[in-house]
Peer 1: 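Right, I'll just put the structure down here and ask away after.
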Amino acid sequence: MSWQTYVDDHLMCDLGDEQRLTAAAIIGQDGSVWAQSANFPQLKPEEIEGINKDFTEPGTLAPTGLFINGAKYMVIQGEPNAVIRGKKGAGGVTIKKTTQALVFGIYEDPVTPGQCNMVVERLGDYLIESGL
Amino acid sequence: MEALVVDAGSKLLKAGAAIPDQSPAMIIPSQMKRMVDDAPENPTTVFEDVTLDPIERGFIRDWDAMEDLLRYVVYTGLGWEEGNEGNILFTDPLCTPKAIREQLVQLMFETFNVSGFYASEQAVLSLYAVGRISGCTVDIGHGKIDIAPVLEGAVQHIASKRFELGGTDLTKLFAQELGKSNPSVNLSMSDVETLKEQYANCAEDETAYEKTQNCEIEQHTLPDGQVINIGRERYSVGEALFQPSILGLEEHGIVEQLVRIISTVSSENHRQLLENTVLCGGTTSMTGFEGRFQKEASLCSSAIRPTLVKPPEYMSENLGLYSAWIGGAILAKVVFPQNQHVTKADFDETGPSVVHRKCF
């Protein structure tokens with residue numbers, strides 16, 4: 001299966017009632033994009049660096065906020081070295097760290113944080129099991 | 001069927017159907033007695049009842065006892081029928097270890113067979129109870145003190161702080177002080193607890209506390225007939241929250257802690273947090289506590305003064321004691337109908353760790 005199929009079929013899937021995530025991507029921890037949805041924002045290198053740092057040292061992004069292409073997300077409860085969660089108004093982002101990559105899911109109202117987490121983390125767990 | 005909301009504290013367990021404008025239907029002590037089984041061969045042996053606390057410092061420690069307690073609450077107290085269990089919402093203190101949350105969700109789905117589960121932190125719920133989604137909660141309970149800044153419903157865990165100090169330590173202090181001034185009197189901890197609730201007071205400020213050296217001594221008759229004198233000790237109990245050195249702790253007083261915590265959050269949010277400070281938890285209902293808190297707040301070092309939120313008029317008087325429960329009832333009315341909770345299907349598919357993904 002190609003990476004693009006992972007994004008299109010598994011991350012941008014129908015969550016029920018024709019709802020989907022706003023954008024999703026699988027990005028290597030070095031910053032290279034493995035696949036992304038059509039409207040996924042471009043991440044800047046320093047943003048990727050910040051995200052990687054926050055996984056290894058949780059709490060680095062919280063004071064300043066999580067930035068994705070300049071859009072600021074407030075860091076909320078995540079899981080050290082596994083998940084970073086951010087909130088922006090009624091929407092937000094979930095970033096799951098796998099062995100070699102970062103799985104991103106961006107959602108907006110009415111999709112709930114719980115729904116985004118389930119989708120992103122489930123795919124992330126599957127990739128970890130496959131060694132990716 | 002209404003969802004159930006359970007706020008299990010170190011001293012009192014509050015539970016009831018999710019009806020936000022009422023107090024919880026059941027407010028029972030969490031402390032339990034282990035009944036030793038009858039042994040007919042030895043009728044002359046004296047059985048000791050062992051009291052145990054399933055919940056210590058806010059966290060569930062004794063799972064068997066907790067299961068029994070919940071069984072009583074849910075089936076006998078609140079009228080659920082076996083086979084027809086509905087949705088349940090639990091409150092957690094700050095920094096609840098993941099393992100404890102997972103074990104709770106597992107207990108609920110596997111033993112109690114609930115159809116839906118949600119867990120939320122007490123700090124956020126207390127804010128919902130006063131109609132806010134951002135602010136700072138100062139929760140002074142029996143087993144712990146939590147100070148948590150919350151922004152738009154999300155607790156800022158990096159900034160929040162938990163102290164392993166609470167009403168139970170104040171009771172011990174009170175017992176110690178009374179023991180010193182009334183050496184001949186025998187006091188049990190539960191007597192001291194009742195006395196603390198009746199007499200504990202906060203002096204208006206530090207200088208007033210110094211003056212209480214010569215305050216009037218009140219006489220109190222214990223249920224067993226002994227008479228004790230209570231003088232300055234009652235003010236020491238309240239003062240300990242503002243000067244923890246009385247308890248032997250090298251910490252700042254509670255208002256100072258609040259200001260320090262807020263200063264670690266990004267400055268654009270300071271005003272919002274400080275101007276929406278909520279006091280909750282049983283110990284905050286001490287006479288004079290709120291006044292003293294306000295006074296210390298006006299003296300504190302930050303530019304913005306902490307201001308306490310006034311609860312809405314339609315809420316009951318003792319909101320501080322049940323605010324986490326009431327917030328839970330409010331949240332339950334939103335979460336369960338919108339299916340944002342953990343369902344049995346989610347649990348079966350993903351296992352206990354699903355609670356971290358779906359419950360915020």
Side-chain angles (χ1 to χ4, degrees), chain A residues 15-17 19 21 50 53-55 57-67 72-97 103 105 107-126 128-129, chain B residues 92 94-99 101-102 105 116-121 123-124 133-134 148-160 261-270 272-273 331 334-343 345-347 349-351 353-360:
Chain A
L15 302 164
D17 277 344
Q19 282 175 24
L21 296 181
K53 188 135 184 263
D54 194 76
F55 274 120
E57 292 167 28
T60 31
L61 282 181
T64 48
L66 164 68
F67 287 90
K72 183 174 173 184
Y73 291 80
M74 182 173 78
V75 177
I76 54 177
Q77 174 78 314
E79 284 167 48
N81 206 27
V83 187
I84 294 179
R85 299 191 185 112
K87 192 165 116 83
K88 184 164 80 128
V93 63
T94 304
I95 311 176
K96 170 97 180 171
K97 179 172 168 169
V103 183
Y107 65 94
E108 272 162 39
D109 205 34
V111 175
T112 65
Q115 285 171 304
C116 181
N117 285 335
M118 293 295 278
V119 167
V120 171
E121 295 184 42
R122 200 167 39 200
L123 181 66
D125 287 338
Y126 171 73
I128 293 175
E129 268 173 48
Chain B
D92 296 322
L94 268 188
C95 312
T96 303
K98 284 166 70 164
R101 271 186 142 194
E102 288 180 14
V105 79
F117 177 93
Y118 200 81
S120 186
E121 283 168 305
V124 179
I133 53 173
S134 300
V150 178
L151 285 172
E152 297 197 5
V155 177
Q156 306 297 301
H157 288 97
I158 311 282
S160 16
I261 282 169
I262 302 230
S263 61
T264 57
V265 180
S266 65
S267 51
E268 62 203 33
N269 299 312
H270 283 181
Q272 204 178 23
L273 290 174
L331 187 63
V334 170
V335 156
F336 291 117
Q338 290 189 11
N339 280 327
Q340 289 178 22
H341 57 283
V342 180
T343 61
D346 289 328
F347 178 74
E349 193 186 313
T350 325
S353 58
V354 72
V355 71
H356 307 300
R357 293 182 192 178
K358 280 204 119 175
C359 296
F360 282 93

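The shown structure was predicted, so the numbers you read here are calculated from the model rather than taken from an experiment. Quick note on labels: first sequence line is chain A, next is B, and so on, each numbered from 1.
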Peer 1: Show your working on side-chain contact (heavy atoms from CB on, under 4.5 Å) between A:Met118 and B:Asp346 and close with a plain yes or no.
Peer 2: CA-CA 9 Å; A:Met118 293 295 278; B:Asp346 289 328; 4.0 Å; yes

Peer 1: Which of residues 151-158 of chain B get closer than 4.5 angstrom to chain A, counting heavy atoms alone?
Peer 2: B:Leu151, B:Glu152, B:Ala154, B:Gln156, B:His157, B:Ile158

Peer 1: Take a 6.0 Å sphere around NZ of A:Lys53 and say whether it holds more than 12 heavy atoms from other residues, nucleotides or ligands.
Peer 2: no

Peer 1: Between B:Val342 and chain A, which part of the residue has a heavy atom less than 4.5 Å away: side chain, backbone, both or neither?
Peer 2: neither

Peer 1: Using non-hydrogen atoms and a 4.5 Å limit, figure out which bit of A:Arg122 sits close to chain B: side chain, backbone, both or neither.
Peer 2: both

Peer 1: In plain terms, say whether A:Lys72 and B:Glu268 are close enough for a salt bridge, that is, a side-chain N and a carboxylate O under 4.0 Å apart.
Peer 2: yes

Peer 1: Answer with side chain, backbone, both or neither: which region of A:Val83 has an atom nearer than 4.5 Å to a non-hydrogen atom of chain B?
Peer 2: neither

Peer 1: In terms of heavy-atom proximity below 4.5 Å to chain B, should A:Pro63 be classed as side chain, backbone, both, or neither?
Peer 2: backbone

Peer 1: What part of B:Thr264 gets within 4.5 angstrom of chain A, counting heavy atoms only: side chain, backbone, both, or neither?
Peer 2: neither

Peer 1: A:Glu108: which residues meet the salt bridge (charged side-chain N to carboxylate O under 4.0 Å, His left out) condition with it, sequence neighbours left out?
Peer 2: none

Peer 1: For B:Asn339, what residues pass the side chain to side chain donor-acceptor pair (under 3.5 Å) criterion, not counting sequence neighbours?
Peer 2: none

Peer 1: Show your working on side-chain contact (heavy atoms from CB on, under 4.5 Å) between A:Glu121 and B:His356 and close with a plain yes or no.
Peer 2: CA-CA 11 Å; A:Glu121 295 184 42; B:His356 307 300; over 6 Å; no

Peer 1: Could you list the residues that satisfy side chain to side chain contact (heavy atoms under 4.5 Å, CB included) with A:Tyr73, not counting sequence neighbours?
Peer 2: A:Leu66, A:Ile68, A:Ala71, A:Lys88, A:Val93, A:Ile106

